[in-house]
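Below is one structure, written out as structure tokens; comments come after it.
Positions are given from 1 along the sequence.
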Amino acid sequence: MNTERVDVAIIGGGLVGASLAVALAPLKLRVMLIESQSPPASQPSWDERCIALNAASQRIVEGLGLWPALSADAEPITSTHISERGRFGVARFTAEEAGLPALGYNVPLRAIGATFASPLPGIEGLQLLAPARLQRLQLGDSEAVLSIASAEGEREVRASLVVAADGARSTVRELLGIGAESRDYRQSAIVTAVRPKRAHAGVAYERFLPTGPIALLPKPDDEFGHACSLVWTLPSDLHREVLAFDEASFIERAQDAFGERLGVFRSLGKRMAYPLERVMSERLTAPRVLLVGNAAQSLHPVAAQGFNLGLRDVATLAETLAETLAESNGDPGSPELLALYQSRRERDRARVADFTDGLVRLFSNAVPGLRGLRHLGLLMLDLTPPLRQAVLDQNLGYGSAAPKLARRRG
């Protein structure tokens, strides 16, 4: 068996893993990116699945030099509208009050994947293995030893640092016996797109119902009319029934859940469903290993924070490596670097995880007393400047715990 030596082995070539490979390019390290799936072929469509990038994530993508290529597919979110069914309290945030051109951008997964993957073939020192799977992983004081299976057979790779970017069901975590706290919300998200009668005007809506939130996010208009991404969270025992509705019945049920702020829904896209749970790794590091993205934390999508948190993992790791490589004699997996990465990510990670979990618990509880508190909370959020600013900064991805690349200018 041939043995290869690299500085960094990234397990998982999805959005987080690919962005990390791009972020590490200026450091001139020997990097291997290992992905279990071949890249899927996909074409643009009006109803394709999207991810909302917040303002900090847009800055990170811009700092990686990828925003010019992605911006053409990114629909700006210039304001948000948060409400609860049956209550008049509403919380609104605008890009104008944040001093930004947009609070964030709704971007097709296809476009993000293609943009992040496009520079990979030209990065000096980067080797991409796909499809390939991690079979075994042994940790030592000075390196980790990986056994990788691919179409060409099994190979041994020795790496100074292994980065797990392989999702909520991380193989790296499993092989190392790293536990994870898992919380099944007993909900599923139905993801699709609709064409409302009225233009979205850059507004992202989130409406809380006793069964879970329903959200509409801006998508680009086209020659066939206005379009919005729709994310509808339902209890697991109800989502199958709703998912099985014919198109007219589904539109009618979704219209009733959301209301008519954008007028009548006129057409429906392809529907997909995803079970929702929170998975929090007990640790972010092990000797010669660290975790990023969903391998470190997988969150409920209620506040669209998960991927944005993963991008901050990437930016933090790249910045930490750039700062410490000289001090660690060029060792990217030194104990000092791992400890520094963990200390830099712990507060941001815990804050966002608790924020999203708290929203799910607060707005999924039908206890009458809590309904009044939720209503009061929305009113206070709309009327109390310090509270508004704290929540706004949270949703934008800003804060002292965020990496430098993600912080607010000035």
Going by distance alone, is a donor N or O of one side chain under 3.5 Å from an acceptor N or O of the other, for Thr192 and Asp47? no
Quiz item: Is there side-chain contact between Leu311 and Val16, with at least one heavy-atom pair below 4.5 Å?
Solution: no
Item to check | Flag if over 12 foreign heavy atoms under 6.0 Å of CD, Gln138 | outcome: no
Check: Tell me, do Thr211 and Pro235 make a side-chain contact under 4.5 Å, heavy atoms counted?
Finding: yes
The side chain to side chain donor-acceptor pair (under 3.5 Å) partners of Arg158 (sequence neighbours excluded) come to Glu143, Glu156
Heavy-atom closest pair (Ala144 atom, Leu146 atom, distance to 0.1 Å) is O-CD1, 3.8 Å
| request: Could you walk me through whether Asn308 and Leu53 pass the side chain to side chain contact (heavy atoms under 4.5 Å, CB included) test, one step at a time? | output: CA-CA 6 Å; Asn308 293 291; Leu53 299 180; 4.3 Å; yes
Legend entry - Geometric class of the Tyr205/Phe258 ring pair [parallel <30°, tilted 30-60°, perpendicular >60°]: perpendicular
Does the side chain of Thr324 come under 3.5 Å of the side chain of Glu336 through a donor N or O and an acceptor N or O? no
Using modelled atom types and a 3.5 Å cut-off, is there a donor and acceptor pairing between side-chain atoms of Ser160 and backbone atoms of Pro332?
no
Tyr341 meets the ring-ring contact (aromatic ring centres under 6.0 Å, His included) criterion, sequence neighbours left out, with none
ring-ring contact (aromatic ring centres under 6.0 Å, His included) pairs touching residues 44-73, sequence neighbours excluded, are Trp67-Tyr105
Measure the shortest side-chain to side-chain distance between Arg110 and Ile112 over non-hydrogen atoms and say whether it is less than 4.5 angstrom. no
Fill in: Exam field: side chain Arg173 to backbone Ala295, donor-acceptor pair closer than 3.5 Å
yes
To the nearest 0.5 Å, atom CG of Leu103 lies from atom CG of Leu396 at 6.0 Å
Would you say the side chains of Thr316 and Asp313 form a donor-acceptor pair under 3.5 Å? no
Applying side chain to side chain donor-acceptor pair (under 3.5 Å) to Asp256 and not counting sequence neighbours gives Arg85
Donor-acceptor contact present, side-chain Arg349 to main-chain Ala296, <3.5 Å | yes
Report the C-alpha separation of Val22 and Leu66 in whole Å, then their side-chain angles, then the decisive distance to 0.1 Å, and conclude whether the side chain to side chain contact (heavy atoms under 4.5 Å, CB included) test is met. CA-CA 9 Å; Val22 175; Leu66 301 176; 4.2 Å; yes
>> Would you say CD of Glu252 has more than 12 non-hydrogen atoms from neighbouring residues, nucleotides or ligands within 6.0 angstrom?
In response: no
Distance-only check: which donor-acceptor pairs under 3.5 Å involve side-chain atoms of residues 126-135, not counting sequence neighbours?
| unit_1 | atom_1 | unit_2 | atom_2 | d |
| --- | --- | --- | --- | --- |
| Gln127 | OE1 | Arg155 | NH1 | 3.3 |
| Gln127 | NE2 | Glu4 | OE1 | 3.1 |

Evaluate whether atom CG of Asp141 has more than 12 neighbouring non-hydrogen atoms of other residues, nucleotides or ligands under 6.0 angstrom away. no
Taken to the nearest 0.5 Å, the spacing of Leu276 CG from Leu234 CG works out to 10.0 Å
Across all chains, not counting sequence neighbours, the salt bridge (charged side-chain N to carboxylate O under 4.0 Å, His left out) partners of Arg240 are none
Just so I know, are the side chains of Arg344 and Leu340 near enough to count as touching, which here means a heavy-atom distance under 4.5 Å?
yes
Ser170 meets the side chain to side chain donor-acceptor pair (under 3.5 Å) criterion, sequence neighbours left out, with Asp166
*asked:* Could you check whether any side-chain heavy atom of Ile190 comes within less than 4.5 Å of a side-chain heavy atom of Phe250, counting everything from C-beta outward?
replied: yes
Query raised in the report: Is there a donor-acceptor pair closer than 3.5 Å between any side-chain N or O of Asn106 and the backbone N or O of Pro218?
Result: yes
Those residues at least two apart in sequence (or on a different chain) that pass salt bridge (charged side-chain N to carboxylate O under 4.0 Å, His left out) with Glu181 are Arg183, Arg278
What I want to check is whether the side chains of Ser150 and Glu152 have a donor and an acceptor closer together than 3.5 Å. yes
Applying ring-ring contact (aromatic ring centres under 6.0 Å, His included) to Phe116 and not counting sequence neighbours gives none
Measure from the side-chain N and O atoms of Glu206 to the backbone N and O of Leu216, and report whether any donor-acceptor pair falls under 3.5 Å. no
I'd like to know whether Gln297 forms a side chain to side chain donor-acceptor pair (under 3.5 Å) with Ser281, so could you lay out the CA-CA distance, the side-chain angles of the two residues, the decisive distance to 0.1 Å, and finally the verdict. CA-CA 6 Å; Gln297 63 276 317; Ser281 176; over 6 Å; no
Would you indicate whether the side-chain heavy atoms of Thr80 and Val203 approach each other to under 4.5 Å?
no
Let me check something: any side-chain donor-acceptor pairs from residues 259-275 under 3.5 Å, sequence neighbours excluded? List them with distances.
| unit_1 | atom_1 | unit_2 | atom_2 | d |
| --- | --- | --- | --- | --- |
| Arg271 | NH1 | Leu243 | O | 3.2 |
| Arg271 | NH1 | Phe245 | O | 2.9 |
| Arg271 | NH2 | Phe245 | O | 3.1 |

- Query: Would you say Glu97 and Thr94 make side-chain contact, with heavy atoms under 4.5 Å?
  - Reply: yes
Residues pairing under side chain to side chain donor-acceptor pair (under 3.5 Å) where one sits in residues 18-33, two or more places apart or in two chains, turn out to be Asp7-Arg30
Note: His226 and Arg198 closest approach over all heavy atoms is CD2-C, 3.4 Å
Residues 210-233 vs salt bridge (charged side-chain N to carboxylate O under 4.0 Å, His left out), sequence neighbours excluded, gives Arg195-Asp222
